[in-house]
Amino acid sequence: MPPNAQSAPFDFIRETVAADVAAGRYGGKVVTRFPPEPNGYLHIGHAKALGIDFGVAADFGGRCHLRMDDTNPAREEAEYVEAIKEDVRWLGWDWGEHLYFASDYFGKMIEHAERLIEDGRAYVDDLTADQIREHRGTLTAPGRESPWRNRSVAENRELFRRMRAGEFPDGSRVLRARIDMAHPNLNMRDPVMYRILHMPHHRSGDAWCVYPSYDWAHGLEDSIEGVTHSLCDLDFENHRPLYDWFLDQLGVHHPRQIEFARLNISYTVLSKRRLMRLIEEGRVTGWDDPRLPTLRGLRRRGYTPASIRRFCAEIGITKTNSLTDVALLEHGLREELNLTAPRAMAVLDPVRLVIENYPADREEELDAVNNPEDPAAGTRKVPFCRELYIEREDFREDPPKKFFRLAPGREVRLRYAYLVTCTGVVKDPATGAVRELRCTYDPATRGGDAPDGRKVKSTLHWVSARHAWAAPVRLYDRLFTVERPDETATDFMDALNPASLEERVAQAEPGLRGAAPGARFQFERKGYFVADHADSAPGAPVFNRIVPLRDTWARIERAGQAD
RNA sequence: UGCCCGAUGGUGUAAUGGUAGCACAACUGACUCUGGAUCAGUUUGUCUAGGUUCGAAUCCUGGUCGGGCAGCCA
């Protein structure tokens, strides 16, 4: 059952599937598949497809297969197979027993191809790749038939046998379907079914030297597995007539192909080619760089599987090319983490604050709430002493109008601690930079409340200088500075955000030292962070900023309303 | 000058001949020991011209605009 069956309307795919089920087509069964080519890592665009493939199957009580579409040994590697399985599992999808490989069907595909040859619907062509292209015609002009198009069945049968036997070099001949060289859809102009490739395959080894092309293979893969609904992206819309033609010729089980628009997200790129370039040119550290929209990147960044699945459900399914605002992804993540992430205090850009009337040798522990959204999360103790760190940006010597934070003579609250009043600023005589802030505290305000009921306009986070530890943090920002890097006039690499990664050493509260890899926190007033699972060591976590908190002050300042 | 597909606020979508709704974003205000969260509210939309109809985002026709297609990639 759809989780939101009452409120949410069916998308056009579910409507079609529902109609097929109601009509008893395919015996009322629903079988889908997710068919990645194992030649790269999955990204959030695949997460959308995964959500559709597995989601539709689940909604109709059917099943979804995970199928490696490994028909091209030149591009694929076993390494990716495991990575893909891991990423799909991480997202929370379960293919059960149904893990398949297109390469396992090579034998059956050959048998089907031989039938087409016998029926006069396929022929061996001796033309070169260039000649085939030339014969194909253009978008507006019909193609020309190959001189080899009318070979006898016997000759085709024999030539194809010899192709498979390895008697011909790569590229010397292909097997083509015999359809219509004048067809208005170029995909129907005698498409290539098999090419010769003397190359070992990651699974079938040296068993084959001819490999099937996508159009020939894909429908058969679906058919063999009993898939009922073959869901794919818009790129394959023009291929559907061919998908249907092959299956009709063979008279085998014939799934229905339905296309939907692929995902695009602002401020990033999702094409395998472009992701590859970012990695190869060293602009990011690898497939799991936290700035990348790869599933591995998002995982390392700290995104939760639930937030990604939620996002994929929220964006809907249509045939319209669109660009989804990355803010929607971030919003879902914040919504989840606000409820679940324990709070902690860490100062990202520390400046020393000395409380002049607090005894130098005194220390105390104050109670801090772990998660105001979740009482069950309890409280913790945070140490306090005469010398603290606060954020440099939380002090202004000459505060603009709407700046509520610390300034000379102004009183603010230190979260869960005391009200303090700024009494002085110590500056570097040479540069004028603020070196240290001097304050006094009101002992009667322990815990943060004033007995006389007086209010302060601001509450700051802080850490005890004596107890804090130096925590490496990475502040990630969007990888590109423009919404559509793909459409950069010159090269998308020119739109890279030079500040997509800022590494800092924060001063963090002691408890954070024990953060387990993968543990997520809200650093109060700053954002959500995760202990990096690759670079953290026991007792020495490294934090990645997942997403900053909504920052109203920054917006006011940016709008120039501060003065 | 071929074939296929698409067009609803800034963005993503819903409405399946009957009040154009939701989410994000933006903006107001309230509240707040996170300028977070929460709460209340505001702004912004059916590409166009005809037609059918009591009634059209929806159906029909023409146009406009946008996307895709000429791998022995998938």
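Quick note: numbers below take in every heavy atom, side chains included, and nothing from hydrogens, waters or symmetry partners. Convention: sequence-line order gives letters A, B, ...; per-chain numbering from 1.
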Report task. Name the nucleic acid region contacted by A:Pro372, choosing base, sugar-phosphate or nothing; use a 4.0 angstrom heavy-atom cut-off, strictly under. Result -> base
Report summary line: Of all heavy-atom pairs linking A:Ala122 and A:Asn156, the shortest is O-ND2, 3.8 Å
Query raised in the report: Any side-chain heavy atom of A:Gln131 within less than 4.5 Å of one from A:Asp125?
Result: no
Query raised in the report: Within the structure shown, what part of the strands sits under 4.0 Å from A:Glu221 by heavy-atom distance: base, sugar-phosphate, or nothing?
Result: nothing
Query raised in the report: Which part of the nucleic acid, if any, lies within contact of A:Thr552, taking any heavy atom under 4.0 Å across all strands shown: a base, the sugar-phosphate backbone alone, or nothing?
Result: sugar-phosphate
Requested in this report: Give one of base, sugar-phosphate or nothing for A:Leu549, where a contact means two heavy atoms less than 4.0 Å apart.
Outcome: base
Query raised in the report: Separation of A:Asp244 atom CG from B:C4 atom P, in whole Å?
Result: 15 Å
Query raised in the report: Charged N to carboxylate O under 4.0 angstrom, A:Arg405 versus A:Glu391?
Result: no
Requested in this report: For nucleotides B:C47 and B:C4, find the distance between their P atoms and express it as a whole number of Å.
Outcome: 22 Å
Query raised in the report: What integer distance in Å separates A:Asn264:CG from B:G6:P?
Result: 18 Å
Report task. In whole angstrom, give me the gap between the C1' atoms of B:C31 and B:U13. Result -> 32 Å
Query raised in the report: Per the ring-ring contact (aromatic ring centres under 6.0 Å, His included) rule, which among A:Phe160, A:Tyr211, A:Trp208 passes with A:Tyr194?
Result: A:Phe160
**Report entry** A:Arg555 vs B:C27: side-chain N/O to OP1/OP2 distance below 4.0 Å
**Finding:** yes
Report task. If the plane angle is over 60° it's perpendicular, under 30° parallel, otherwise tilted; pick one for A:Phe384 and A:Tyr418. Result -> tilted
**Report entry** Under 4.0 angstrom between A:Ser322 side-chain N/O and B:U13 OP1 or OP2
**Finding:** yes
Query raised in the report: Do side-chain atoms of A:Arg262 reach the backbone of A:Gly45 as a donor and acceptor pair under 3.5 angstrom?
Result: no
**Report entry** Donor-acceptor under 3.5 Å (A:Ser307 side chain, A:Thr304 main chain)
**Finding:** yes
Query raised in the report: Between A:Arg343 and A:Asn371, which heavy-atom pair has the shortest distance, and what is it?
Result: NH2-OD1, 3.2 Å
Query raised in the report: Which stems does RNA chain B form, counting runs of 3 or more consecutive Watson-Crick or G-U wobble pairs with both distances under 3.5 Å?
Result: B:2-7 with B:64-69, B:10-13 with B:21-24, B:26-30 with B:38-42, B:47-51 with B:59-63
Query raised in the report: Is the base of B:G71 syn or anti, if syn means a glycosidic angle within 90° of 0?
Result: syn
Query raised in the report: A:Glu259 near the nucleic acid: base, sugar-phosphate alone, or nothing, with a heavy-atom cut-off under 4.0 Å?
Result: nothing
Query raised in the report: What integer number of Å spans the P atoms of B:A26 and B:U32?
Result: 24 Å
Query raised in the report: Is there side-chain contact between A:Ile179 and A:Arg189, with heavy atoms separated by less than 4.5 Å?
Result: no
Check: residues 313-320 of chain A side-chain donor-acceptor pairs under 3.5 Å, at least two apart:
| from | atom 1 | to | atom 2 | distance (Å) |
| --- | --- | --- | --- | --- |
| A:Glu314 | OE2 | A:Arg310 | NE | 3.3 |
| A:Thr318 | OG1 | A:Thr320 | N | 3.2 |
| A:Lys319 | NZ | A:Glu237 | OE2 | 2.7 |

Query raised in the report: Contact class for A:Arg240 (heavy atom, under 4.0 Å): base, sugar-phosphate, or nothing?
Result: nothing
Report summary line: Here the distance between atom C1' of B:U34 and atom CZ of A:Phe404, to the nearest Å, is 15 Å
Query raised in the report: What about A:Arg405: does its side chain form a donor-acceptor pair under 3.5 Å with the base of B:G35?
Result: yes
Query raised in the report: Using atom C1' of each nucleotide, how far apart are B:U11 and B:G50 to the nearest Å?
Result: 32 Å
Report summary line: By nearest-heavy-atom nucleotide on RNA chain B, the more 5' of A:Leu323 and A:Ala554 is A:Leu323
Report summary line: Taken to the nearest whole Å, OH/A:Tyr528 to P/B:G36 is 12 Å
**Report entry** Nearest-Å distance once atom C1' is located in both B:U44 and B:G21
**Finding:** 15 Å
**Report entry** A:Glu373 CD - B:U34 C1' separation (whole Å)
**Finding:** 10 Å
Query raised in the report: Looking for any heavy atom pair under 4.0 Å, which part of the strands does A:Asp325 touch: base, sugar-phosphate only, or nothing?
Result: sugar-phosphate
**Report entry** Summary of protein contacts for nucleotides 69-74 of chain B, nucleotide by nucleotide, where a base hit scores B, a sugar-phosphate-only hit scores S (4.0 Å, heavy atoms)
**Finding:** BBSBSB
Query raised in the report: Rounded to the nearest Å, what distance is computed from the CG atom of residue A:Asn321 to the P atom of nucleotide B:U11?
Result: 14 Å
Query raised in the report: Taking for each residue the nucleotide of RNA chain B bearing the nearest heavy atom, is the 5' side occupied by A:Thr324 or by A:Arg446?
Result: A:Thr324
Report task. Mind checking A:His461 for me? I need base, sugar-phosphate or nothing, with any heavy atom below 4.0 Å counting as a touch. Result -> nothing
Query - Euclidean distance for P, B:A49 against B:U43 (whole angstrom) - result: 26 Å
Requested in this report: Could you work out the separation of B:A57 and B:U46 based on their P atoms and round it to a whole Å?
Outcome: 11 Å
Query - Sugar-phosphate only, base, or nothing, as touched by A:Glu237 at under 4.0 Å among non-hydrogen atoms - result: sugar-phosphate
Query raised in the report: Counting side-chain heavy atoms from C-beta on, which of B:A25, B:G6, B:U34 comes nearest to A:Thr459?
Result: B:U34
Query - Pairwise P distance, B:U58 and B:G9 [rounded to whole Å] - result: 14 Å
Requested in this report: Using atom types as modelled and distance alone, determine if a side-chain donor or acceptor of A:Arg33 lies under 3.5 Å from a backbone N or O of A:Asp222.
Outcome: no
Requested in this report: Check the distance between B:U34's P and A:Asp394's CG and give it to me in whole angstrom.
Outcome: 13 Å
Report task. Would you kindly give the CZ-to-C1' distance between A:Phe260 and B:G67, to the nearest whole Å? Result -> 17 Å
Query raised in the report: Checking all strands, does A:Arg415 fall into the base, sugar-phosphate, or nothing category for heavy-atom contacts under 4.0 angstrom?
Result: base
Query - Heavy atoms of other groups near A:Arg149 CZ, more than 12 under 6.0 Å - result: yes
